[in-house]
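So you know, we letter chains A, B, ... as the sequences are listed, proteins then strands, and number each from 1.
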There are 2 protein chains.
Amino acid sequence: MSAPMNVALVGIGKIAIDQHVPAIAASADWTLAATCSRHGTVDGVAAYDDFDRLLAERADISVVSLCLPPVPRFDYAAAALRAGRHVMLEKPPGATLAEVHALQHLAEAQGLTLFATWHSRMAHAVAPARAWLQDKRVTRAHITWREDVRKWHPGQDWVFEPGGMGVFDPGINALSILTEILPEPVHLTGAELEFPDNRATPIGAQLRFSGNVSADFDWRQEGPQTWDIEVETDAGHLALRMGGNVLEIDGKAAAGENTIMGEYPALYARMADLVRTGQSDVDLAPMVHVADAMTLGRRMTVAPFDF
Amino acid sequence: MSAPMNVALVGIGKIAIDQHVPAIAASADWTLAATCSRHGTVDGVAAYDDFDRLLAERADISVVSLCLPPVPRFDYAAAALRAGRHVMLEKPPGATLAEVHALQHLAEAQGLTLFATWHSRMAHAVAPARAWLQDKRVTRAHITWREDVRKWHPGQDWVFEPGGMGVFDPGINALSILTEILPEPVHLTGAELEFPDNRATPIGAQLRFSGNVSADFDWRQEGPQTWDIEVETDAGHLALRMGGNVLEIDGKAAAGENTIMGEYPALYARMADLVRTGQSDVDLAPMVHVADAMTLGRRMTVAPFDF
C-alpha cells in the first residue's frame with residue numbers, strides 16, 4: 001500500500017457532499033487536505049475561498065478534484081495544471097471541446113495526470129455489459145433516460161443557462177455508458193431538441209445514431225425514474241437498468257462479474273492508479289455526441305419551465 | 001512528374017463547377033475520370049447517378065472528391081473508403097464530429113488517404129500571416145466575416161436546415177484561417193447565435209474566445225462583402241483581408257512569400273502529395289469551434305429570412 005495522497009476538492013455543492021467527500025473518506029489512497037468554495041465547507045478540513053492562495057500555500061496537495069459546474073471549471077483546471085498539480089474533472093469535463101483539448105495539451109506538456117471522469121461508466125453492471133457485447137453484432141439499441149430535474153437539480157438555474165447542458169447533463173451519463181459498451185462506435189444522424197420557451201438549454205431530446213441506435217432523454221418525468229439501455233444483438237437481448245447498475249440478458253437477471261465498488265470510490269481508485277503510473281484518461285466521445293446533437297439537432301420550443 | 005491519377009467528383013453543383021472542375025483540368029496530377037450527381041454533369045466526362053455502380057465499374061478511379069452538402073456526404077465517403085478509394089472532403093468535413101472520427105478510423109484501417117480540406121487556408125496570404133505571427137504574442141484578434149447569403153447560396157434552403165450550419169458555412173472558413181495562423185490555440189468562452197424565426201440554423205453569430213479573440217459572422221450583408229481578420233501582437237498589427245488573400249502589417253501592404261496557386265488548385269496539389277506519400281490530413285479544429293458555439297452559444301430569435 002502506498003502512502004495516501006493529499007487531494008483538494010473544489011466546488012463544495014451537492015455532488016461534492018453526496019459523493020466525493022464520502023468516497024475520499026472511505027479510501028486508503030486519499031486524504032482530503034483542503035476544500036475551495038465560495039460557501040461550502042467540510043467539517044474538520046481546511047477551507048479556502050481563494051484558489052490561487054490554496055495553490056500557493058499548499059505545496060503538500062498534489063491532486064485537485066474539480067466539482068464545479070462546467071463553465072467556470074476551465075480556469076481552475078488550467079491554474080492547477082500550471083501549478084504542477086494533477087487534475088480530476090467531474091463530468092462533463094468542460095463547457096467546450098476545445099477547452100478540454102487545451103487542458104490535455106497542458107497536462108501533457110507538464111507531465112501531469114488529467115482524468116476526465118464519467119461516473120456512470122463505473123456503475124456495477126457496465127463492465128459486464130461491455131464484456132458480453134464485445135463479440136456480438138448490435139442490430140438495435142435504445143436509451144430511455146427520463147428523470148425529474150426538480151429532484152436532482154432543485155433550483156439550479158445554471159443547468160438551463162448556456163453551457164449548463166440542460167437534459168444532456170443526465171443524458172451524457174447514458175452516452176458515457178453507450179460509448180463504453182458498444183463494440184463499434186456510432187455517430188449522430190439526427191435529433192430533435194426541446195427548448196422550454198424561457199430557457200437556453202433543452203429539457204428533452206430525441207437522438208438518432210447510425211447503426212439503428214437511438215435515445216430518448218427527458219427531464220420532466222415525475223414519479224419513478226427511468227435509466228435504461230436496451231441492446232439487441234445477433235445473439236440475444238441485453239438490458240442495462242438503473243443507470244448501469246442492473247444487467248439482464250434475454251430478460252433474466254445476470255450476475256456477471258459485477259464490480260463491488262460504488263461509482264465515486266471507483267473513480268478515486270482509478271485516479272490514484274493514473275497518478276501512480278503517470279497516465280491520463282480523457283475520452284471525449286460522450287461530449288462529442290452532445291456537441292453533435294446541439295449542432296445537428298432541430299430546435300423545437302416547448303412550454304416554459306420553472307423550478 | 002508522376003502519371004496523372006483518375007479522380008471522380010461527386011455532387012456537381014455550384015462549387016464543383018466553379019472550383020473543382022477547373023482546378024482538376026489545370027493540373028498535371030489529375031484526370032477527371034467520372035462524375036456522380038443527381039442532375040449535374042461535366043461535358044465530356046462519364047456521368048453516373050449511382051455511386052455504388054461507379055465504384056463497382058471504375059476500378060481505374062483511385063480517388064473520390066466529395067462536393068455534396070455535409071449531411072449526405074458521410075455515406076459516400078464511407079462507401080468510397082470501404083471500396084478502397086482515397087477520399088477528399090469539401091469543408092466542413094461532415095455534419096457531425098463523430099462521423100469524421102469514424103471516417104478517420106476507416107481510412108486508417110484501410111491504409112487510405114483522407115483529406116479534410118479547408119480551402120481558405122490555401123488563400124494567398126495565409127501562409128505568410130502564419131509565418132509572421134509564429135514568434136509573436138497575440139494580445140487581441142477579431143474576425144469580421146459578413147457576406148450576403150443570397151449571393152453565395154441563392155435559393156439553397158439546405159444551408160438553413162439542421163446540419164447546413166447557417167452562417168457557420170462561411171464562418172468556418174474564417175475559423176479555418178484563425179486556427180492555422182494563431183501561434184497558440186484558443187477556445188470558445190461564449191457566443192450569441194441569431195436564428196431567423198423560420199429557420200433551423202443561425203444567420204448571425206458573435207463569438208468570444210479565450211485570449212481576447214472574437215468573431216462577428218453575419219450572412220445579411222448586402223453591398224461590399226467583408227472577410228477580415230485583425231490581429232494585435234506585442235510587435236505590431238497584422239490584418240488579413242479579402243478572405244486571407246491580402247496581408248497588411250502595421251497598415252502597409254506586405255508582399256510576404258505569397259503563394260501563387262489558387263485555393264482549389266492548391267488543395268488538389270496537396271491531395272496528390274498526400275496520396276503519393278500515403279498520408280492523411282484531418283484537422284477538426286475549425287469544426288470543433290462551431291460545435292462548441294452551437295453547444296455553448298445563447299440562441300436569440302431574429303426576423304424571418306427568405307431567399
Exercise for review: Flag the one option from Leu97(B), Val288(B), Val290(B) with the top tally of heavy-atom pairs under 4.5 Å to chain A.
Suggested key: Leu97(B)
Only pairs under 3.5 Å, no angle test: what donor-acceptor pairs are there between chain B and chain A?
| from | atom 1 | to | atom 2 | distance (Å) |
| --- | --- | --- | --- | --- |
| Leu97(B) | N | Asp292(A) | OD1 | 2.8 |
| Leu97(B) | N | Asp292(A) | OD2 | 3.4 |
| Ala98(B) | N | Asp292(A) | OD2 | 3.0 |
| Glu161(B) | OE1 | Arg298(A) | NH2 | 2.7 |
| Asp292(B) | OD1 | Leu97(A) | N | 2.8 |
| Asp292(B) | OD2 | Leu97(A) | N | 3.4 |
| Asp292(B) | OD2 | Ala98(A) | N | 3.0 |
| Arg298(B) | NH2 | Glu161(A) | OE1 | 2.6 |

**Study point:** Shortest non-hydrogen separation from Ala291(A) to Ala291(B) and the atoms involved
**Key:** CB-CB, 4.0 Å
Exercise for review: Check whether Phe209(B) gets within reach of chain A through its side chain, its backbone, both or neither, counting any heavy atom under 4.5 Å.
Suggested key: neither
**Study point:** Phe168(B), part contacting chain A, at a heavy-atom distance under 4.5 Å
**Key:** neither
Revision key, fill the gap. Minimal heavy-atom distance between Gly163(B) and Leu296(A), with the atoms involved, is CA-CD1, 3.3 Å
Check your understanding: Is chain B contacted by the side chain of Val71(A), its backbone, both, or neither, given a heavy-atom distance below 4.5 Å?
Key -> side chain
